[in-house]
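One is the number of the first residue; the rest follow in order along the sequence. Counting starts at 1 for both ligands and their atoms, following the listed order.
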Amino acid sequence: MNSYNKYKSIAIIDVSSEEKRRRQLQIFDVLPIWRWLWCQLVKINIEVDFLEMHFSINEQSFVLRKKYDLLLVYIEHYIPEWLSSFFEEIRTGENATDIFLCGFLPTIKMKEMKEKFPFIDNILTGPLEVSLMQLCDKLYSVLNTDIVFSQYPKEGNLSDNLQIEYKRNFLSSTVGIIQSSIGCPKMCHFCRYSKFYHQFYPYIYKQYPMQEVVEEIKKLVVDYNVHFIKFMDSNLLGSGKLIYKRAYELANALKENDLHIIFAMHCRSDSVTKEVINILAPVGLKYISMGIESMSIKQLERFGKQEIVNTHWEAVNILKEKGIFVQGYGILADPLITRDELLENLQGLYKLSQEILIVLNEKMILYTMTNYYKNYEKLIPNKRLVESSLGVVVEYDFSDEWCSKYFRYIEETSIWLQQMAVNLYRKMKNQRNANDYMKRAASYRLEALITIANMNDPDDFAVEKIKNDTIEKIRKMR
Ligand code: SF4
C-alpha cells in the first residue's frame, strides 16, 4: 500500500511567518502555488489548514490545536528557535503526526536537515512549484482521481461551499495574486532566488502559457469580483527578446478576454522601454516595482546587475510620463562598499526618491551559494556562518574602515525612521494616500542617512538629533 494513502488531513506551517508578519507581508497567498495546493487537495476531500496565525501567547512555540495526519513545514532561509521543541512535542505527544519539510533550506541543506531532525519522515526538495506538484501527484494517484497533473498550476473550478472558503482563506482584500512564470533568466550576483532556480529547477526559467494565466485572472474577476491583480513574478517580463513578446501576449490576452483590470508587476529597469510601456499601460498597468539595487556604479558591477545608473533613470522617466507609480528596491551596503560608494548610492537613491518610492534593504544578506560570495569571499572580513541558516547565510564586517565603524548608525537610523513613519501613518486620523506618504518619508530618511554618511566621526548624540529632526519633518508632513 502506498504510504501517502493515510494522509486525509494536512496542516501547513510557514516557519518564516513571524518574520513576514513583522515586515507586514502576507503569508501563504504571496505564493499562489499554496493556493493551488489547497484547491487540489480540498477537491479530493483532504482537509488542509494553514496554521500561521496560531502561535501561543508568548510566541515561543507553535500550537497545534488538533491532530493532523501530516504536517508540511515550509522553511525558507532560517530555522526559528522554537522549531526543535515543537517537533519534539509533536513526535512524543498524543497527536503524533508525520512531518514533511519543504522549501529553500531543506533543499539546499537536505543532509544537515536530516541530521538535525532525524525523525522527519520526508523532505520535498526543489522549488515549491515542483515539490508541491509532486506531492499532489502522489496523493492523486493514491486516490485514483481524474485530475490532470499539468505543468501550469491551474486551480480549476470549486463548488459553491469551497468558493466561500477559498475567498475567506485567500482573498481577504480585493487584490488577486497571480504568478505567470517560475524563476528568473538573469543571474545577478547577490541573488539567491535566481541561483536556487538555476540549480534546482530543470527549466531554469519558465513563462506559463499566457492563455492559462489569463484564465486564472478571469476566474478572479468573474467569480470573485477582484479587479486589482498583483503579479508575484520576480521578473514578469523575462529578458532579451522575451520582454516585448511577453508584454504583447499579456495585453492581447486581456483585450481578447475583455478583462478590465488594473495590475501591478515587478520587473528589471532594463525591460522598461517606451514600446513595452505603451503596450501595457493601456491594459491596466498602474504600479511597477523594480530592483534598483544601487545607484553606485561600482556596486552595480559587483552585484552583476548588467544595468547602469542611467538604465534606472530612463525607466523612471518613461514610467513617470505614463503616470505609473514606481517602487524601487535598493541595497545600501555590501561587504566591500567604500564610504564614497555609499555616499554615491545614497545621493542617487535620494534623487530617485523625488520621483519614486524607495524601499531599502540596509545591509545585503550574503548567501554562500551566490556568485557574489564566490567572487569576493577572500576579501570579506570576519565572516561568520549564521547557525540558524545552517551556514547558508554569512554575517560579515565591512572592508572599508569608515563603514566598519559607523555603518551601524546608518542601519539603525534607517530602520528606526521607517518604523516610526509607519507608526505615524497608522495613527493618522485622515489617512492620505499611503504610497505618496511613504515616498516622501523615504526621501526624508535618505536625506538623514546622507547627513550621517557625510560626518567623519558621527556619534550617538549627533545621530539622535538627526533622527529626531527627521521624524519631526515626517510628522509635519501629515
Ligand atoms: S533580475 Fe531580480 S530575480 Fe533575476 S537574478 Fe536579478 S535580482 Fe534575481
Side-chain angles (χ1 to χ4, degrees), residues 25 30-33 76-77 103-104 107-108 126-130 177-201 203-208 230-247 264-273 276 287-297 299-312 314-316 319 326-335 345 349 352 356 358-376 392-393:
L25 296 173
V30 164
L31 292 172
I33 194 72
E76 276 193 27
H77 60 274
F104 175 74
T107 302
I108 305 268
L128 291 179
E129 292 90 347
V130 174
I177 314 278
I178 290 284
Q179 183 181 343
S180 72
S181 61
I182 307 181
C184 174
K186 303 298 273 190
M187 179 77 92
C188 302
H189 292 172
F190 61 92
C191 179
R192 65 131 174 155
Y193 171 83
S194 176
K195 188 78 183 178
F196 180 62
Y197 280 80
H198 273 68
Q199 215 170 323
F200 293 99
Y201 181 53
Y203 304 96
I204 294 176
Y205 171 65
K206 186 175 173 57
Q207 293 183 333
Y208 292 129
K230 207 167 170 185
F231 285 99
M232 290 310 296
D233 309 65
S234 293
N235 178 359
L236 183 118
L237 297 171
S239 65
K241 287 183 185 153
L242 288 177
I243 296 172
Y244 183 86
K245 185 171 166 276
R246 194 62 170 167
M265 68 176 201
H266 184 82
C267 67
R268 287 169 57 88
S269 56
D270 62 3
S271 52
V272 175
T273 61
V276 165
Y287 301 90
I288 274 198
S289 62
M290 302 188 301
I292 298 289
E293 318 308 354
S294 175
M295 292 298 275
S296 148
I297 299 161
Q299 214 179 11
L300 280 173
E301 279 171 20
R302 279 197 299 280
F303 287 168
K305 268 302 271 185
Q306 298 177 320
E307 288 171 334
I308 55 173
V309 166
N310 213 28
T311 323
H312 300 325
E314 279 171 15
V316 166
L319 294 166
V326 185
Q327 186 166 316
Y329 291 90
I331 300 172
L332 287 186
D334 63 296
N345 189 13
L349 289 171
L352 271 186
I356 70 174
I358 296 289
V359 179
L360 292 178
N361 280 315
E362 285 76 18
K363 193 174 174 185
M364 186 180 101
I365 300 178
L366 182 56
Y367 294 93
T368 48
M369 69 193 297
T370 57
N371 289 350
Y372 185 101
Y373 189 77
K374 291 193 176 82
N375 293 345
Y376 301 114
V392 165
V393 177

> Any N/O/S atom, backbone or side chain, of Cys188 lying under 2.8 Å from atom 6 (Fe) of ligand 1?
Replying inline: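 Coordinating: yes.
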> What's the shortest distance from atom 8 (Fe) of ligand 1 to any protein heavy atom, and which residue and atom give it?
Replying inline: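 Sorting protein heavy atoms by distance from atom 8 (Fe) of ligand 1 puts Cys191 SG, 2.4 Å first.
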> Just how far is it from atom OH of Tyr197 to atom SG of Cys184, taken to the nearest 0.5 Å?
Replying inline: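 Answer for the OH-SG pair, Tyr197 versus Cys184, is 11.0 Å.
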>> Rounded to the nearest 0.5 Å, what separates atom CD1 in Ile365 from atom OH in Tyr372?
In response: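 Here the interatomic distance stands at 14.0 Å.
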> Considering only heavy atoms from C-beta outward, does the side chain of Ser181 approach that of Asn235 to under 4.5 Å?
Replying inline: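 No, every pair of side-chain atoms sits at 4.5 Å or beyond.
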> Can a protein heavy atom be found under 4.0 Å away from atom 2 (Fe) of ligand 1?
Replying inline: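 When distances to the protein are checked, atom 2 (Fe) of ligand 1 has no heavy atom within 4.0 Å.
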> Yes or no on side chain to side chain contact (heavy atoms under 4.5 Å, CB included) for Lys363 and Leu332, after CA distance, side-chain angles and deciding distance?
Replying inline: CA-CA 6 Å; Lys363 193 174 174 185; Leu332 287 186; over 6 Å; no
> Counting backbone and side-chain atoms alike, does Cys184 have an N/O/S atom under 2.8 Å from atom 8 (Fe) of ligand 1?
Replying inline: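 Short answer: no, not a single N, O or S atom is under the cut-off.
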Below 4.0 angstrom from a heavy atom of [X], which ligand 1 atoms are there? Numbered from 1 as shown, please.
X	answer
Arg268	1 (S)
Lys186	5 (S)
Ser194	5 (S)

>> For Asp270 and Thr311: C-alpha separation, side-chain torsions, deciding distance, then whether side-chain hydrogen bond (donor to acceptor under 3.5 Å, both in side chains) applies.
In response: CA-CA 6 Å; Asp270 62 3; Thr311 323; over 6 Å; no
> Is Arg302 salt-bridged to Glu293, going by a charged N under 4.0 Å from an acidic O?
Replying inline: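 Salt bridge: no.
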